[in-house]
Amino acid sequence: MADSSGSNPQSPGFTEKLKSWLCWSWTYICTLWFAMVLTMVYVLRSPLKLQETVNAASVFLNTLTPKFYVALTGTSSLISGLILIFEWWYFRKYGTSFIEQVSVSHLRPLLGGVENSSSAGLFSSVNGDTEPRTNVAECKVWRNPLNLFRGAEYSRYTWVTGKEPLTYYDMNLSAQDHQTFFLGDTQQLRPEDSVMQKAWRERNPQARIRAAYQAIECAAAYVLLAEEEATTITEAERLFKQALKNGMKLSHCHTYMLTGKDTNLVVYIKRRLAMCARKLGRIKEAVKMMRDLMKEFPLLGMLNIHENLLEALLELQAYADVQAVLAKYDDISLPKSATICYTSALLKARAVSDKFSPEAASRRGLSIAEMNAVEAIHRAVEFNPHVPKYLLEMKSLILPPEHILKRGDSEAVAYAFFHLQHWKRAEGALNLLHCTWEGTFHEVSVYPKKELPFFILFTAGLCSFCAMLAMLTHQFPELMGVFVKAFFSTLFAPLGFFADKMESFMPSCLWHQLANV
């Protein structure tokens, strides 16, 4: 037993070494195989009549007039220009490249690639079968715990400005989250679940709502209607209550101790009901609902319900309760967030900010409490340096997205959108933040800033290059002919050099015998 146990740890190391050696050798094997293929083609050039084929192609190309090359380059420029226009339109509308999206969605699975799911680890089962903190390091895009309601809040912006507040990428991530959260662990979908699975994937909001009415007995259908059709928070709350009633009825259970997707659905509905109560001014009721939810499902740390609770407690100015929540969740083993870091800084700044004066602090030095507040602000700014400009109103706020990037500008927007009022309520806190953060860190990026996809730049360069070739060929046909011949002769010069070296290295009779095989 001891020998077997002692040899087990060495087995994975040997396997990994074997795999790494195979990967290393495979590159050289492919190179050797490619060289052998080129050698065989050169050796068999006489039986294959390669020289005659090349000569015939050269004669054909020499008979072509410059008009053909003008037409060829002009057509290439036109096609690449059309691709560029389509790529630019698709990027402006959906925020991503069409060619990249197709390659990731369809070509990568064929080539054996694995798509990284941003929702992995965010919506794990709460029945204890899986650990919800798995893959924390891989999680980059997170669900915004304070995301607004589409119908009751985001749609107001669309009605007033005629613009969409959410990107297609953000809404697509939400659709994936809903499918995973509500339908992900079901082996055999019920008919209404299949309808809702298609409904989440619909791009058109009206099509999603029509599909939800087709499965109106399903609790997830009421969730979709509450999120997207309800135009007021009161109406959304009514639909969520009906969804909770249907969810409990369909699970054939009279307690809240459910399993699987029904548990996920009930947790989501109860959380949104607590957010409705918070938005309608029933803050103590919302706090009680959030506390009960966290007590009932303690494995839901990845859903960040504590961030909803912190915001509600700050609205009640229950700072002792806020400190108690921070003491539980501001732990090194848990993933940090701007809400945790900046709320901790706010509590420490609030204790000294009403009497803080930069001039007095420079004369007498900082007290222990002031040092703690400054260190807390430094710690928060180190985690997310984008937040202070929004809290100090140096940058204008926009509606927060449904998904955020930790330590990014989207998280800063989401935090400041809901917590700016709490910083204003603490007298002098923003002044202390302004005096502390500015000289600490470098310049940060601007939100939102999208980089142009590679294929837009590539098609733009290809279109310009082909158009330039067409113009030069039309204006200077003889000069371009000389240039093209010089270019191809230079391009194939290494091959000629390689062939000459091969002929001088190997006996001519050997080449003759191999050619006659």
Side-chain angles (χ1 to χ4, degrees), residues 122-127 143 145-153 174-175 177-186 189-193 195-197 199-200 208-209 211-300 302-309 312 402:
L122 288 176
F123 299 117
S124 303
S125 177
V126 296
N127 55 7
R143 181 85 175 180
L146 294 169
N147 64 304
L148 303 175
F149 293 85
R150 287 189 187 178
E153 294 176 308
S174 297
D177 292 343
H178 291 148
Q179 293 179 69
T180 304
F181 201 36
F182 302 150
L183 310 170
D185 59 350
T186 304
L189 293 178
R190 297 180 293 235
E192 57 270 21
D193 292 336
V195 174
M196 289 307 302
Q197 197 172 38
W200 294 121
R208 290 195 294 268
I209 293 172
Y213 274 111
Q214 295 176 7
I216 197 62
E217 293 300 324
C218 178
Y222 280 100
V223 170
L224 191 149
L225 295 176
E227 292 283 356
E228 302 203 21
E229 189 187 39
T231 56
T232 62
I233 300 297
T234 303
E235 186 180 356
E237 184 181 35
R238 178 184 62 81
L239 290 170
F240 274 121
K241 287 181 178 178
Q242 183 63 39
L244 181 62
K245 181 180 177 182
N246 282 29
M248 300 302 296
K249 182 171 63 177
L250 290 176
S251 65
H252 303 290
C253 182
H254 297 288
T255 66
Y256 289 112
M257 297 302 295
L258 311 176
T259 58
K261 72 179 185 64
D262 293 323
T263 305
N264 298 336
L265 187 59
V266 168
V267 169
Y268 182 88
I269 294 170
K270 294 183 71 176
R271 177 185 188 170
R272 295 302 263 177
L273 281 172
M275 295 176 68
C276 288
R278 162 67 182 92
K279 293 175 185 294
L280 293 174
R282 305 195 307 270
I283 305 175
K284 291 184 178 180
E285 178 185 346
V287 169
K288 183 179 183 303
M289 294 174 67
M290 294 173 192
R291 288 186 184 278
D292 293 342
L293 193 57
M294 294 167 62
K295 186 183 301 183
E296 196 170 354
F297 302 100
L299 296 178
L300 286 175
M302 294 301 294
L303 295 181
N304 296 326
I305 301 177
H306 57 277
E307 295 193 13
N308 300 83
L309 179 60
E402 291 184 340

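Source: prediction; values computed, not measured.
Relative ring orientation between H178 and Y268 is described as perpendicular, the plane-to-plane angle rising above 60° on a 0-90° scale split at 30° and 60°.
With values rounded to the nearest 0.5 angstrom, M196 atom CE is found 10.5 Å from Q214 atom CD. Rounded to the nearest 0.5 angstrom, L239 CG and N246 CG are separated by 11.0 Å. The structure places CG of N304 at 4.5 Å from NE2 of H306, a figure rounded to the nearest 0.5 Å. Between atom CD of residue E153 and atom CD of residue E227 there is a gap of 9.5 Å, rounded to the nearest 0.5 Å. We find the CD1-CZ distance between I233 and R238 to be 13.5 Å, quoted to the nearest 0.5 Å. Atom CD1 of I216 is separated from atom CD of Q242 by 8.5 Å, given to the nearest 0.5 angstrom.
Contact check on E237 versus K279 returns no salt bridge, with no Lys/Arg side-chain nitrogen under 4.0 Å from an Asp/Glu carboxylate oxygen.
Between A286 and A277, the shortest heavy-atom distance links the atoms CB-CB, 4.0 Å. Minimum interatomic distance between A221 and A215 (heavy atoms only, all atoms of both residues): CB-O, 3.0 Å.
In this structure, R271 contributes its side chain and P145 its backbone to a donor-acceptor pair below 3.5 Å. Using a distance-only test at 3.5 Å, with no hydrogens or angles considered, no donor-acceptor pair links the side chain of E228 to the main chain of L224.
Counting only heavy atoms from C-beta outward, the side chains of F240 and L244 never approach each other to under 4.5 Å. At least one side-chain heavy atom of R143 sits less than 4.5 Å from a side-chain heavy atom of D177. Looking at L225 and Y213, their side chains come closer than 4.5 Å, going by heavy atoms from C-beta outward. Counting heavy atoms from C-beta on, the side chains of N147 and R272 come closer than 4.5 Å.
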